[in-house]
Student: 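One structure is given below, represented as structure tokens, and several questions about it will come after.
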Amino acid sequence: MEQDEPRDVTAVVFSLVVPVHNEADGLETFHARLRDAADGLGEPYEIIYVNDGSTDGSLEIIRRLQAEDDRIKYIDLSRNFGHQEALTAGYDFARGAAVITLDADGQHPTDVIAELARRWRQGYEVVYTVKKADPNVSALRRLAVRSVYGLIRWLSGMDVTDQADFRLLDRKVVEALRRTRERARFLRGLVRWLGFRQVAVEYEPAPRLAGAPSYTSAKLARMGSAGVFNFSVMPLRCIGLLGGAMAGGAIVYAVVALLCWPFLGGSVLANLVALAVGLTGLVLGSLGLVGEYIGRIYEEAKDRPIYIVREAAGFEAEPAPAERAAEEPVRSARPSEPSQIRLFT
Ligand code: UDP
Ligand code: MG
């Protein structure tokens, strides 16, 4: 593991990546906690704030923090790209031997960071967190979230229930993750898919320091569908099977209905109309489902960058453009750094 190898003492060991979208009110309190936790790690670290299109003065606070301490860096995205995209930017710019991501709203307790680091030092390459039941979440939302996780588990066989984007990834894993450039991003699923030695750490979610969550129901639904459609073609298969069974049933039904026509007349016709409507519904539903996948193919085909950076500060050298990650066979965070791992192509 890392501590057994000779190491450049000035090199960053921990990168702490924090996506920020309109968190001005609680940001300074959060930063004080984060810095204390980072200092407690006893190794050189960097803190990277990713400002994801905030409109409330978060960027000004981040700029001030950065001016006071050269371990603090920031990336300002050109607009609001979303939590997963902001995290992706953080992973691209981070250069630590271990990268820890956590939310800026105080819900991911900073005292768990020491535990993440401890597990990493034990040799785990992915230390992910699972949140205990949150008393601050309404029963309805909990039910919605549970159903989304259940659906993901059922369709893709991947259990990411109650996991958070609060995790530590070893450099090897970060480099592997950077090779996945799909647009509709679901990092929990991607990290699970990558493999490596993984271990879970439980944490008690805290209430927000200030403000309201920006994860609207629509965003939750978008992430849930990414969890299902990006990781499973089961819906396509199920609908195909269902369509086949229904078409077979309909043929049998039609034959029986036609044979009975002279005796039953109009009521059979009504049945046939109902059947036609039902089948049309099924076909349209299937088209919508197929469209989900085609839409994703379309998004990938456009090959747009996952995020766009307006400004980055505090970094010694510009990281290789993130949007080219998929084209390059093996990459590290800095163009001058040697590659640390050979990856599949
Ligand atoms: N966030 C972001 N971009 C967004 C929405 C949220 O960078 O479009 C950040 C936000 O500032 C916070 C984290 O992502 O640090 C989680 O967001 P939030 O607290 O709204 O989500 P929840 O707690 O409901 O998961
Ligand atoms: Mg939150």
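As the structure lists them, so they are numbered: ligands from 1, and atoms in each ligand from 1. Note: hydrogens, waters and symmetry copies are ignored here, and every other heavy atom, side chains too, is used.
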Student: Just to verify, what does Arg119 make a salt bridge (Lys or Arg N to Asp or Glu O under 4.0 Å) with, not counting sequence neighbours?
Tutor: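 Once residues adjacent in sequence are excluded, Arg119 has no partner under the salt bridge (Lys or Arg N to Asp or Glu O under 4.0 Å) criterion.
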Student: Flag the pair Arg197 and Asp170 as a salt bridge only when some basic side-chain nitrogen lies within less than 4.0 angstrom of an acidic carboxylate oxygen.
Tutor: no
Student: Test of understanding: given a 4.0 Å heavy-atom threshold, classify the contact between Glu23 and ligand 1 as side chain, backbone, both, or neither.
Tutor: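 For Glu23, the contact with ligand 1 is made by the side chain alone.
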Student: Among the protein atoms near the Mg ion (ligand 2), how many are N, O or S and lie under 2.8 Å away?
Tutor: 2
Student: Residues two or more places apart in sequence or in another chain: which of them pass ring-ring contact (aromatic ring centres under 6.0 Å, His included) with Phe30?
Tutor: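 Scan of Phe30 (ring-ring contact (aromatic ring centres under 6.0 Å, His included), adjacent residues dropped) gives none.
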Student: Is a salt bridge present between Asp159 and Arg153, judged by a nitrogen-to-oxygen distance below 4.0 Å?
Tutor: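 Result for this pair is yes, salt bridge flagged.
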Student: Using a 4.0 Å cutoff against the non-hydrogen atoms of Asn80, which atoms of ligand 1 qualify?
Tutor: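 This gives 3 (N), 4 (C), 8 (O) as the contact atoms.
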Student: For ligand 1, indicate whether the residue Asp165 contacts it via side chain, backbone, both or neither (heavy-atom separation under 4.0 Å).
Tutor: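 Neither part.
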Student: Quick one: do Arg188 and Asp162 make a salt bridge, cutoff under 4.0 Å?
Tutor: no
Student: Which atoms from ligand 1 have a heavy atom of Val20 less than 4.0 Å away?
Tutor: 7 (O), 11 (O)
Student: Determine the sole option in Glu23, His31, Lys73, Arg63 for which the side chain to side chain donor-acceptor pair (under 3.5 Å) test with Tyr49 is passed.
Tutor: His31
Student: Who passes salt bridge (Lys or Arg N to Asp or Glu O under 4.0 Å) against Glu28, sequence neighbours left out?
Tutor: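 Glu28: salt bridge (Lys or Arg N to Asp or Glu O under 4.0 Å) contacts with Arg64.
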Student: Look at Glu46 together with Arg71 and state whether they make a salt bridge at an N to O cut-off of under 4.0 Å.
Tutor: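 Salt bridge: no.
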Student: Which bit of Asp103 gets closer than 4.0 Å to ligand 1, counting heavy atoms only: side chain, backbone, both or neither?
Tutor: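 Within the 4.0 Å criterion, Asp103 contacts ligand 1 through backbone and side-chain atoms alike.
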Student: Within a distance under 4.0 Å of any heavy atom of Arg208, pick out the atoms of ligand 1 and give their elements.
Tutor: 18 (P), 19 (O), 20 (O)
Student: Please check if Leu242 and Val283 belong to a single hydrophobic cluster, counting links between Ile, Leu, Val, Met, Phe, Trp and Tyr side chain heavy atoms closer than 4.5 Å.
Tutor: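 No: no chain of side-chain contacts under 4.5 Å links Leu242 to Val283.
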Student: Is the distance between the ring centroids of Trp120 and Phe14 under 6.0 Å?
Tutor: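 Between Phe14 and Trp120, which both carry aromatic rings, the centre distance is below 6.0 Å.
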Student: With only distance considered, is Ala86 within less than 3.5 Å of ligand 1 through an N or O on each side?
Tutor: no
Student: At the 4.0 Å heavy-atom cut-off, does Glu85 count as touching ligand 1?
Tutor: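 So Glu85 does not count as touching ligand 1.
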